[in-house]
Structures are given as structure tokens and as C-alpha cells.
Amino acid sequence: MLRVLFQILSIFTVMVASAMPQDTVPVVATDTVAKVLSDSIATAKTDSVPVRRGPRKSTPVDIDDNKPQEVLHYYDKHGNALPEPVRFLAVLDTVTKPKSKPIYPLYNGWTLGVNFGDAIFMAAGQKYGSFDVWADVSLHNWFFPVVEAGLGFADSKPKNSNFTYSTKPSFYAKIGMNYNFMYKSDPAYQVFAGVRLGFSSFKYDVNDITISDGYWDQTENLTLRGLKATALYGEILGGIKVKIVGNFSLGWTARWHMKFKVSSKSLSTPWFIPGYGAGSPFSFSLSAIWRFGQRKVEPENAEQK
């Protein structure tokens with residue numbers, strides 16, 4: 001295309017030159033046009049031909065799967081949380097997840113106990129008390145179903161009262177559950193909370209009821225015997241258990257009592273309820289405890305579970 005244009009321009013130049021006077025025709029006109037056109041053709045060729053360039057450089061990416069990768073370690077080998085995460089390199093992700101499951105087997109022995117706390121209070125002058133034996137079963141060293149059974153009695157004159165209250169030894173029973181907060185620790189030691197549901201059926205006497213008549217200046221004494229009552233009550237408790245020697249331990253328990261239903265076949269209300277107590281809804285018990293079949297899981301064995 002450029003060559004055709006060049007020929008047309010050359011012919012046009014020659015025609016113009018022939019029409020002009022001979023003394024005014026530049027001798028080098030044809031050569032000048034040819035030079036300009038050749039330069040234009042060279043420039044066009046240069047612009048139309050793509051410039052070859054070398055391959056684009058790129059940053060190499062390391063795709064080695066075996067290269068240790070950086071991870072954060074939030075827990076130690078025992079599953080306990082660290083104060084702050086620890087950064088380290090590892091071939092595999094070895095971050096230890098906390099063990100939420102118990103480390104002890106479902107059945108981990110049983111326990112027999114005797115509550116004798118009221119014996120200490122009676123030695124200090126208290127005139128009533130409840131004594132019982134109890135047994136529990138260790139489930140994962142975490143939950144402990146409990147059964148308690150005992151006798152309660154009283155022969156006391158309540159403070160600021162006008163009567164004497166007496167109850168012959170009467171049976172009571174309780175069932176419930178303990179929750180051990182230290183379920184991953186040695187079974188010989190516990191910090192626990194629990195609940196109980198108690199029941200008692202008993203007879204009681206109200207003696208030496210004194211009724212004074214200030215107007216007539218007379219005093220009358222009454223006695224009510226063989227009164228019967230039943231009681232259904234609950235307890236919320238918390239306590240600790242510590243090892244003394246071998247399989248023998250001691251336990252201390254604080255209890256808060258609440259009455260659900262107390263029925264009596266008389267117009268009186270029982271002052272003392274076996275297993276529940278009298279007066280204050282709070283009580284304290286001390287237990288001698290023997291453990292059977294409970295075993296301790298060592299830390300290295302716990303990690304394999």
C-alpha cells in the first residue's frame with residue numbers, strides 16, 4: 001500500500017515539475033520526497049512490528065509440604081490453658097486440645113462413710129442429733145450417686161420456750177448426687193457440691209408444757225405424747241474430702257435445709273426432724289470415709305486415654 005502511494009506521489013511530483021518553468025524546478029525534489037517517504041515507511045514498519053521481550057520474572061513460591069509451619073500452642077501437654085499462647089515451628093500441627101472428657105473409667109469404686117458431726121456438738125451441750133451411714137459410687141470420679149440412712153433423736157428444752165421436746169431414735173433416709181470439681185485429680189481428694197432429698201417418719205412428745213394465767217395467778221402443766229409426723233425435705237450442700245492415710249479420709253460438709261412438706265396428725269408442729277435438725281436451716285457434718293476399689297490414674301496414663 002505504501003509503495004503504491006509512493007508511486008502516485010512520484011508521478012504527481014514529476015507532473016508538477018514539468019508544468020513549472022525549468023529554472024524554478026528543484027533538481028533534488030524527487031530525491032527529497034523519496035527520502036521522506038522511505039523514512040515514513042521505515043517508521044511504520046518499526047511501529048507495526050511487535051517488540052520481542054524476554055519472559056517475565058516472577059517470585060518463586062515455596063510449596064514444600066514438609067516444611068515446618070508456624071503454629072500457636074495454647075495448652076500444655078496436660079491440657080491446661082497457658083497464660084499466653086506460645087509460638088513454635090512443627091512439622092505437623094501438634095497443638096494439644098483440652099481434654100473435656102473425664103480421665104477415669106465409668107466405674108471407679110465406691111465409698112462408705114459415717115457422719116458423726118453431731119457427736120461433737122452433743123459433747124458441747126447440744127441435746128439432739130442425727131447419725132447416719134452413707135455410700136456412694138464413683139462415676140468417672142466426677143459424679144457420685146449417694147444414699148444415706150440413719151437415726152435422729154432429741155430430748156431438749158428449746159431456748160426461750162415453755163416445753164421440753166423429745167423424739168425417740170427415728171429412721172430417716174436421703175438420696176442425692178455429688179459433683180466433684182476435681183474429677184481429674186486423685187480420688188482421695190475432693191471439692192464437691194451436691195443435693196439431697198430426705199424423708200423421715202417419726203413420733204415425738206411435747207412434755208412439761210407450762211401455761212401461766214397472770215390474772216388468776218395459776219400455772220398449768222400439759223403433756224402431749226405419741227404425736228406422729230412425716231417430713232419431706234431437701235438439702236443443698238458443699239464440702240471437701242482429704243486423704244488421711246491409706247484408703248481412709250475425712251470429709252467436712254456444710255448443708256442448707258429446706259422443708260417441702262411436714263404433716264402432723266396433731267395441731268402441733270414438730271420442732272426437731274430426724275436428719276434435718278432443729279431451729280436453723282444450716283447444719284454441719286463431719287464424716288469418716290473409707291474408699292474401696294478407687295484407683296488413681298497417673299498423668300502419663302491419662303494422656304493415652
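Keep in mind it's a predicted model, so treat the numbers as computed, not measured. Throughout, numbering of the chain's residues begins at 1 and tracks the sequence.
- By the neighbour-count criterion of 12 heavy atoms within 6.0 Å, atom CG of Leu250 is densely surrounded, having more than that number from other residues, nucleotides or ligands.
- Linking ILVMFWY side-chain heavy atoms closer than 4.5 Å, directly or via other members, places Met258 and Val195 in two distinct hydrophobic clusters.
- No donor-acceptor pair under 3.5 Å is formed between the side chain of Ser156 and the backbone N or O of Ala154.
- Closest non-hydrogen pair, Ala229 versus Pro270, comes out as CB-CG, 4.2 Å.
- When side chains are defined from C-beta on, Phe121 does not count as touching Tyr128, because their heavy atoms never get closer than 4.5 Å.
- The minimum heavy-atom distance linking Ser130 with Tyr172 is given by the pair CB-OH, 3.6 Å.
- A single hydrophobic cluster is seen to contain both Leu227 and Tyr165, as judged by linkage of ILVMFWY side chains at heavy-atom distances under 4.5 Å, directly or through other members.
- Atom-to-atom distance recorded for Gln190:CD and Met182:CE is 8.5 Å, nearest 0.5 angstrom.
- Arg295 and Asn141 share no side-chain donor-acceptor pair at under 3.5 Å.
- Of the possible donor and acceptor atoms, one in the side chain of Ser200 sits under 3.5 Å from a partner among the backbone N and O of Phe171.
- Counted by atom type alone, Asp132 and Asn115 present one or more donor-acceptor pairs between their side chains at under 3.5 Å.
- Residue Ser138 forms a side-chain contact (heavy atoms from CB on, under 4.5 Å) with just one option from Asn108, Leu106, Asn180, and that option is Asn108.
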* Decide salt bridge (Lys or Arg N to Asp or Glu O under 4.0 Å) for Glu148 and Arg255; before the verdict, give the C-alpha distance in whole Å, the side-chain angles of both, and the deciding distance to 0.1 Å. => CA-CA 14 Å; Glu148 302 182 18; Arg255 304 175 184 242; 3.5 Å; yes

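- Ring geometry for Tyr204 against Phe202 counts as tilted: the plane angle lies between 30° and 60°, on a 0 to 90° scale.
- Residues Phe163 and Val206 meet the side-chain proximity criterion, which asks for heavy atoms closer than 4.5 Å.
- In this structure, Trp134 and Val114 approach most closely via the heavy-atom pair NE1-N, 3.9 Å.
- Between Ser249 and Lys243 the shortest heavy-atom distance is OG-CA, 3.6 Å.
- The closest donor-acceptor contact from the side chain of Arg291 to the backbone of Gly246 lies under 3.5 Å.
- Val133 is not connected to Leu237 by any chain of hydrophobic side-chain contacts under 4.5 Å among Ile, Leu, Val, Met, Phe, Trp and Tyr, and they are in different clusters.
- Nearest approach of Pro145 to Met177, heavy atoms of both residues: N-SD, 3.5 Å.
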* To do: Go through Tyr179 and Phe143 one step at a time and tell me if the ring pair (Phe, Tyr, Trp, His ring centres under 6.0 Å) criterion holds.
  => CA-CA 5 Å; Tyr179 177 93; Phe143 297 95; 5.4 Å; yes

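- Considering only heavy atoms from C-beta on, Arg196 comes within 4.5 Å of Val146 through its side chain.
- Once rounded to the nearest 0.5 Å, the distance linking CD1 of Ile289 with CG of Leu112 reads 9.5 Å.
- With values rounded to the nearest 0.5 angstrom, Asp208 atom CG is found 10.5 Å from Ser161 atom OG.
- The distance from atom CD1 of Ile103 to atom OG of Ser185, rounded to the nearest 0.5 Å, is 7.5 Å.
- The shortest distance between side-chain heavy atoms of Leu197 and Leu232 falls below 4.5 Å.
- The shortest side-chain heavy-atom distance between Lys203 and Ser170 does not fall under the 4.5 Å cut-off.
- In this structure, Asp155 and Ser166 approach most closely via the heavy-atom pair OD1-CB, 4.0 Å.
- Interatomic distance, Met122 CE to Phe116 CZ, rounded to the nearest 0.5 Å: 14.5 Å.
- Looking at heavy atoms from C-beta onward, Ser283 lies in side-chain contact with His257 at the 4.5 angstrom threshold.
- Hydrophobic clustering (ILVMFWY, side-chain heavy atoms < 4.5 Å, transitive): Phe192 and Trp252 are in distinct clusters.
- Relative orientation of the Tyr183 and Trp142 rings is parallel, given thresholds of 30° and 60° on the angle between their planes.
- Side-chain polar atoms of Thr230 and Ser263 form a donor-acceptor pair below 3.5 angstrom.
- In the hydrophobic cluster analysis, where Ile, Leu, Val, Met, Phe, Trp and Tyr join through side-chain heavy atoms closer than 4.5 angstrom, Leu286 is grouped apart from Phe131.
- At distances below 3.5 Å, not a single donor-acceptor pair connects side-chain atoms of Asp205 with backbone N or O atoms of Asn207.
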* To do: List the steps, then state whether side-chain contact (heavy atoms from CB on, under 4.5 Å) holds for Ile273 with Val262.
  => CA-CA 9 Å; Ile273 299 175; Val262 178; 4.0 Å; yes

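- Judged by distance alone, with hydrogens and angles left aside, the side-chain atoms of His140 form a donor-acceptor pair with the main-chain N or O of Tyr104 at under 3.5 Å.
- Within the structure, the ring pair (Phe, Tyr, Trp, His ring centres under 6.0 Å) test picks out the following pairs touching residues 227-247 (sequence neighbours left out): Tyr233-Tyr276.
- Atom CD of Glu235 and atom NZ of Lys174 lie 3.5 Å apart (nearest 0.5 Å).
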* Decide yes or no on side-chain contact (heavy atoms from CB on, under 4.5 Å) for Val137 and Tyr107, but give the supporting numbers first. => CA-CA 7 Å; Val137 176; Tyr107 173 75; 3.8 Å; yes

